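Okay, structure first, notes after.
As the structure is a computational prediction, the values presented were derived from the model and not from experiment. Indexing begins at 1, ligand by ligand and atom by atom, following the structure's order.
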Amino acid sequence: MINRINSFGEYWSAYNESVQNPEQFWANQAESFFWRKKWDSVLEWNFEEPSVKWYGGSLHNITENCLDRHLFTRGNQTAIIWEPNDPTQAAQHITYKELHERVCKAANILKNNGVKKGDRVCIYMPMVPELAVSVLACARIGAIHSVVFAGFSASSLADRLNDAEATVVLTSDGAYRGNKSIDIKGIVDEALAKSPTVKRSIVLRYANTPVTFTEGRDIWWHEEEAKASAICEAEPMEAEDMLFILYTSGSTGKPKGVVHTTAGYMVYAGYTFANVFQYNDGDVYWCTADVGWITGHSYLVYGPLLNGATTVMFEGIPTYPDASRFWKVIEKHKVNIFYTAPTAIRSLQGFGLEYVEGHDLSSLRVLGSVGEPINEEAWHWYHDHIGKGHCPITDTWWQTETGGIMIAPLAGVTPTKPSFATLPLPGIQPVLVDEKGEELVGNGVEGNLCIKFPWPSMIRTTYGDHERCRLNYFSTYAGMYFTGDGCRRDEDGYYRILGRVDDVINVSGHRMGTAEVENAINEHLAVVESAVVGYPHDIKGQGIYAFVICDTHVPMESSLLKSEIIATVSKIIGPIAKPDKIQIVKGLPKTRSGKIMRRILRKVAEGDISNLGDTSTLLDPTVVEDIVAGAKLV
Ligand code: WT7
């Protein structure tokens, strides 16, 4: 059993111990996991290179902790409840025993296809049980998984395959999302035409949609499974062996492959799951995130399974067949702990209470929020109408790079305040710094959020480019990990996340680099230049606002041009990156050195044109007048 904090007093003693004696603290937590060999040293680190090593000298396999260790105690308990997109189709209940067997078989499929420890395997699949099985199968044999969210385009997928030099792709024929059917295999085929390292694509027959097979490269999962043994010894892994790569957007154009290693990630994912959600044995837990994001990795697959929980995996979307689907699923599977994103809450709130009423939500005990700041209105709606006033809400702040939840109330233990992520978890030492990098001490301060001491699941490197990791996260403020977020610590010492301070937009809880979207827009033949900023959006949190200069030689009607630009972005990145607003402009506000003054564009996008600040340093200040005038028409 993973140690659990049960009172606010216990939280403070755990927290103080974790700061005063971090190695002892994290050694104690690690004791509740199964190791083939225990560690020689708990932690070695420096943030200059950076180099961070937890549990050095140990051997373990995370799947033995997620599966094998539960076989005697809870082999017949449900590990995964799979709820399909189509509510008339039956849900699946997969026991720990069955999951173990399916993972071992899938691991053998990989082995039979030449996959070895350290090889990169890309997983591009809908939210079906085989997605979780694939992740665990990789971990079982020490292959490094790189899950790519199945909403990304072929060209995004190809970029990720090439960066990781993946040799195998696990995928499916098609997929369903709401009333749409998606040609997953077609997207993979298009990506593989540009991904020479991939030698095998293993295709799950799921939607029974027509596919074309490339001889020698593509094979059916079910045919391989028929040949695979159900016994597969877990590969003993060293603590700092890579467990997975997960790509995320930054302020520069190219997404980076965040690398997590196995031992520290396991301890932190397991520990934080138990504590933040105050998980009790037998609870049914539902995280609505896709496994393609870090939330799905840490709190749909690994965290719950490490704790022997029953985790719900939902293939569909919140509004299909209608906006009551979430509440129907909670009632149907008697969900006790529910973890979702503010964007989903706001969207469902907009449909009205009639979709909530009439559903029995009495099984709920804990509610969670993740991905973006939760505004007070959404917080209260979630608290009053979903939690019926008695379920604590845990607003969890963390990042792809942090691997696990960093700042959050322990549900029902830490007193909450709407829109505050409250206090750091044990082992996490947040600091706020000013522009010069001076630490802001005391309470009632606001600055850039950094972490000054390592924690077990932190990013180790960006795949194939360690210098990029150093520059991105460890060079802005010497000796600290920089999160990219602004943050306020109020008079009570409570943390409130204010949002990104870099060129990253948070759209519906998903990270989007402005440069990445601009590069995609610029691919359109009629576009000369573009600049993208975020603006407040009622449902998405932030929307994407694009200012675009077009080639006047290309005669095109502006609404057609706009829809073509949207289609271009969708094709290059994926539908999640589509601009919400496009303004065709004659020029962009640039300084004499050619730098775009995004501050002005942000103000215009926010509709706050009364105070544009100093525009005298602009090369051509009249550009701003044009933009302001044009903005009214967007
Ligand atoms: C960025 C990380 C963490 C998993 C999902 C997103 C923002 C995340 C919160 C929160 C305010 C939040 C931050 C962060 N963010 N959670 N509870 N309150 N902001 O992971 O894609 O790596 O994005 O999401 O800006 O830096 P991600």
Side-chain angles (χ1 to χ4, degrees), residues 147-149 151-152 244-251 255-260 268-269 272-273 276 287-303 339-346 367-376 378-379 382 393-409 411 414 416-425 428 430 448-451 457-459 462 472-473 476 481-488 494-513 516 534 536 540-542 576-577:
V147 184
V148 176
F149 171 59
F152 277 115
F244 65 87
I245 306 171
L246 188 56
Y247 286 85
T248 189
S249 298
S251 35
K256 39 186 185 246
V258 172
V259 169
H260 285 288
Y268 198 76
T272 52
F273 175 81
V276 171
C287 165
T288 66
D290 194 288
V291 173
W293 311 109
I294 190 69
T295 309
H297 280 61
S298 302
Y299 299 110
L300 193 157
V301 179
Y302 286 118
Y339 191 31
T340 195
T343 188
I345 298 166
R346 287 189 298 261
L367 301 175
S369 171
V370 61
E372 46 173 326
I374 178 162
N375 50 305
E376 290 208 24
W379 194 97
Y382 198 27
I393 296 179
T394 176
D395 175 2
T396 62
W397 174 82
W398 57 298
Q399 310 176 296
T400 304
E401 294 85 345
T402 68
I405 299 169
M406 301 288 279
I407 304 182
T414 310
T416 55
K417 277 189 217 184
S419 79
F420 280 79
T422 74
L423 296 169
L425 298 192
I428 305 308
N448 288 344
L449 177 61
C450 296
I451 315 289
S457 66
M458 69 183 295
I459 180 174
T462 43
N472 256 301
Y473 307 105
T476 316
Y481 166 81
F482 176 43
T483 65
D485 279 318
C487 180
R488 192 178 127 70
Y494 267 37
Y495 290 84
R496 179 186 189 145
I497 307 299
L498 302 172
R500 303 290 304 196
V501 295
D502 51 8
D503 289 323
V504 168
I505 317 179
N506 189 327
V507 185
S508 301
H510 300 311
R511 242 153 95 172
M512 214 45 73
E516 207 181 336
K540 296 180 175 184
Q542 277 189 300
I576 50 174

Subject >> Test ring-ring contact (aromatic ring centres under 6.0 Å, His included) applied to Tyr473 - qualifying residues, sequence neighbours left out >> reply: Tyr481
Original post:
Which distance, rounded to the nearest 0.5 Å, do you find between the CG of Asn472 and the OG1 of Thr462?
Top reply: 7.0 Å
**OP:** Establish, from distance only, whether the side-chain atoms of Tyr339 and Thr396 form a donor-acceptor pair under 3.5 Å.
**Re:** yes
Subject >> Distance-only side-chain donor-acceptor flag, Asp485 / Trp397, under 3.5 Å >> reply: yes
Subject >> Listed partners of Thr422 passing side chain to side chain contact (heavy atoms under 4.5 Å, CB included), at least two apart >> reply: Pro409, Thr414, Phe420, Tyr494
Report all N/O contacts between ligand 1 and the protein shorter than 3.5 Å as a table of atom names and distances to 0.1 Å; if there are none, say 'none'.
{"from": "ligand 1", "atom 1": "15 (N)", "to": "Gly371", "atom 2": "O", "distance (Å)": "3.3"}
{"from": "ligand 1", "atom 1": "16 (N)", "to": "Gly371", "atom 2": "N", "distance (Å)": "3.2"}
{"from": "ligand 1", "atom 1": "17 (N)", "to": "Asp395", "atom 2": "OD1", "distance (Å)": "2.8"}
{"from": "ligand 1", "atom 1": "17 (N)", "to": "Thr396", "atom 2": "O", "distance (Å)": "2.8"}
{"from": "ligand 1", "atom 1": "18 (N)", "to": "Glu372", "atom 2": "O", "distance (Å)": "3.4"}
{"from": "ligand 1", "atom 1": "22 (O)", "to": "Thr400", "atom 2": "N", "distance (Å)": "2.8"}
{"from": "ligand 1", "atom 1": "22 (O)", "to": "Thr400", "atom 2": "OG1", "distance (Å)": "2.6"}
{"from": "ligand 1", "atom 1": "22 (O)", "to": "Arg511", "atom 2": "NH1", "distance (Å)": "2.8"}
{"from": "ligand 1", "atom 1": "24 (O)", "to": "Gly371", "atom 2": "O", "distance (Å)": "3.3"}
{"from": "ligand 1", "atom 1": "24 (O)", "to": "Asn506", "atom 2": "ND2", "distance (Å)": "3.3"}
{"from": "ligand 1", "atom 1": "25 (O)", "to": "Asp485", "atom 2": "OD1", "distance (Å)": "2.6"}
{"from": "ligand 1", "atom 1": "25 (O)", "to": "Asp485", "atom 2": "OD2", "distance (Å)": "3.3"}
{"from": "ligand 1", "atom 1": "26 (O)", "to": "Gln399", "atom 2": "NE2", "distance (Å)": "2.9"}
{"from": "ligand 1", "atom 1": "26 (O)", "to": "Asp485", "atom 2": "OD1", "distance (Å)": "3.4"}
{"from": "ligand 1", "atom 1": "26 (O)", "to": "Asp485", "atom 2": "OD2", "distance (Å)": "2.6"}
{"from": "ligand 1", "atom 1": "26 (O)", "to": "Arg500", "atom 2": "NH1", "distance (Å)": "2.8"}

**OP:** Just jot down the side chain to side chain contact (heavy atoms under 4.5 Å, CB included) partners of Ser298, sequence neighbours excluded, or say none.
**Re:** Tyr265, Ile294, Trp398
